[in-house]
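The next block holds one structure in the form of structure tokens; read it before the comments.
Here the structure is a predicted model, which is why all the values come from computation and not from measurement. Lettering of chains follows the sequences in order, A, B, ..., and the numbering in each one begins at 1.
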Amino acid sequence: MINKQTDRREFLKEIGIYAGSTAFLASIPWMKAFSQENGKNRAPSDRVRLAVIGVGSRGHALLLNLLEIENVAVVAVCDNYEPHYNRAIETTKGTAQAFYNHRKLLNEIKDLDAVVIATPLHEHAHITIDCLNAGLHVFCEKSMARTIQDSKSMVDTSHATGKILQIGQQRLFNPVYLDALERIRAGEIGQITQVRAFWHRNNDWRRPIPSPDLERKINWRLYKEYSGGLMTELASHQIQVANWFIDEIPTQVRGSGSICYWKDGREVYDQVALVYDYPNGAKCIYDSLISNKHYGLEEQIMGDKGTIEPELNRIYSENPPVSPGIKQLIHNLKSEVFEVIPIGGATWLPEVASFNNGNRIAQYDNNDTFLELAGFVKAVKAGKPYPNLLREGYHATIASLLGLQAMETNSIVNWPAEYVMGKES
Amino acid sequence: MKDITITASRLRKELIIFFICFVAAFGLNIYAIAKFETDWSEMLGQLHVVLAIAAAIYLIIALFRFIFIAFIRLNKKK
């Protein structure tokens with residue numbers, strides 16, 4: 001079992017030298033790369049020179065994390081929205097050159113190693129492809145692109161140029177998920193037959209706009225031209241987890257979406273419900289809505305021997321250990337004293353949810369966004385991508401977009417063979 | 001405010017009463033292990049529960065003792 005440390009540097013070292021099972025490590029080859037020191041004493045010339053393109057809400061968060069990674073120099077930032085542009089200059093204390101246009105950045109900044117892209121979704125593809133063709137490694141936020149074809153073009157360009165393309169799916173680096181995966185591969189919860197995932201919020205998903213003409217620019221997530229809404233912005237994370245844990249990609253998907261609450265001119269659904277079918281008969285049942293937050297978010301990984309809820313960091317056995325005798329005695333006494341006498345007698349008692357509190361999966365104090373960026377920097381230093389990491393991000397994006405297509409066409413959509421990326425050995 | 005003195009004999013008396021409560025609770029634990037056929041390691045493993053039960057029994061007895069003594073003293077005053 002991975003022994004988690006709260007110190008990030010120690011964690012990165014430890015998981016790199018973890019001698020887990022071959023099958024487990026084969027699932028996460030990207031973790032082997034952390035076996036080297038983080039390069040505290042490396043020469044300045046060994047620094048990874050990065051640019052960040054898109055420094056809005058998510059981009060700014062990535063920038064703050066990058067500034068904490070040793071031997072990383074953020075030498076340029078880029079955003080075409082003035083307030084974000086100015087904030088990025090302030091955050092980097094003027095050490096990074098600022099641009100409004102990514103092509104100007106690529107032309108003027110020399111000796112760049114990589115870029116981090118966190119623009120609105122519809123911009124991901126062309127900026128990523130430009131950067132890969134310019135000889136740079138790319139970290140691109142999820143989802144990969146607005147369309148399936150654009151996603152494939154990004155992958156094809158990465159393969160053709162030999163440059164790293166890593167997609168921002170941070171759960172792939174999260175210690176709780178990694179520990180959960182290890183337990184699954186060890187058979188602790190048995191055969192997974194269903195993943196039930198959901199993401200519920202209660203807000204209109206809008207950002208404040210200084211003037212009405214900036215509505216589509218700032219609230220791009222609400223418009224089909226720029227975003228797939230709940231599917232590309234939220235579902236993508238959780239379907240990636242389902243694919244990863246089931247160790248398959250779906251064969252088909254069906255679903256239904258609607259704008260049932262936030263009828264404010266938006267074009268994307270404010271509620272989605274889908275079923276993904278996997279080759280072995282397993283299913284991922286997914287829903288997301290933004291009009292109730294009672295249940296929050298979770299991926300419920302259900303096997304015949306147990307259940308894992310990684311967002312809550314809990315694992316539950318189908319057959320939890322029996323309570324100590326004295327506690328059973330107290331419970332029975334309490335039941336007898338406070339027993340409700342049924343009128344007419346019950347012939348059937350409802351099978352309510354288990355009250356088993358389960359066990360914690362892993363100690364986790366880290367920031368998985370930091371871990372995924374640190375992983376990207378490691379890959380850039382090594383000059384080669386992690387096997388099968390891009391595959392996870394790519395398939396998550398394709399699954400989300402196919403789900404959207406299923407809802408929009410009100411049909412069962414099969415996964416096209418040409419959009420399957422094979423596993424690297 | 002008056003000083004309260006706990007004499008050695010009073011302390012010994014209360015400890016004996018608590019010990020009796022502990023023995024009763026420990027006996028209850030053994031009974032529960034036998035009845036529900038759980039592991040005998042719970043004799044020590046559930047000591048914290050036994051102590052909690054012993055404390056609860058002690059407090060219930062203390063309550064009755066208090067009521068009894070209060071009743072006696074009220075009658076004496078009459």
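Formation of a donor-acceptor pair under 3.5 Å by the B/N29 side chain with backbone atoms of B/E42 is found in this model. With hydrogens and angles disregarded, no donor-acceptor distance shorter than 3.5 Å links the side chain of A/D247 to the backbone of A/N243.
Here B/T38 contributes atom OG1 and B/M43 contributes atom CE; the two are 11.5 Å apart, rounded to the nearest 0.5 Å. Residue A/N174 holds its CG atom at 12.5 Å from CD of A/Q169, rounded to the nearest 0.5 Å. Considering CZ of B/F36 and NE2 of A/H331, their distance stands at 9.5 Å, rounded to 0.5 Å. In this structure, the separation between CG on A/N367 and CD on A/E68 is 8.0 Å, given to the nearest 0.5 Å. Distance CD/A/E372 to CG/A/L389: 9.0 Å, rounded to 0.5 Å. To the nearest 0.5 angstrom, A/I361 atom CD1 is 9.5 Å from A/E188 atom CD.
Inter-residue side-chain proximity for A/Y278 and A/I249 is flagged as unmet; no heavy-atom pair is nearer than 4.5 Å. Side-chain contact between A/V241 and A/V195: absent, with no pair of heavy atoms (C-beta onward) separated by less than 4.5 Å. Side-chain contact between A/R201 and A/W199 is present, with at least one heavy-atom pair separated by less than 4.5 Å.
Qualifying ring pair (Phe, Tyr, Trp, His ring centres under 6.0 Å) partners for A/H200, counting only residues two or more places apart in sequence or in other chains: A/F198.
Within a 6.0 Å sphere centred on CG of B/L15, heavy atoms belonging to other residues, nucleotides or ligands number more than 12.
Against chain B, no residue from residues 283-305 of chain A qualifies, as none has a non-hydrogen atom under 4.5 angstrom away. Close approach to chain A, defined as a heavy atom under 4.5 Å from one of its heavy atoms, is seen in B/Q46, B/V49, B/I53 of residues 46-65 of chain B, taken by number. Listed by sequence position, the residues of residues 309-317 of chain A in contact with chain B number zero, using a 4.5 angstrom heavy-atom cutoff.
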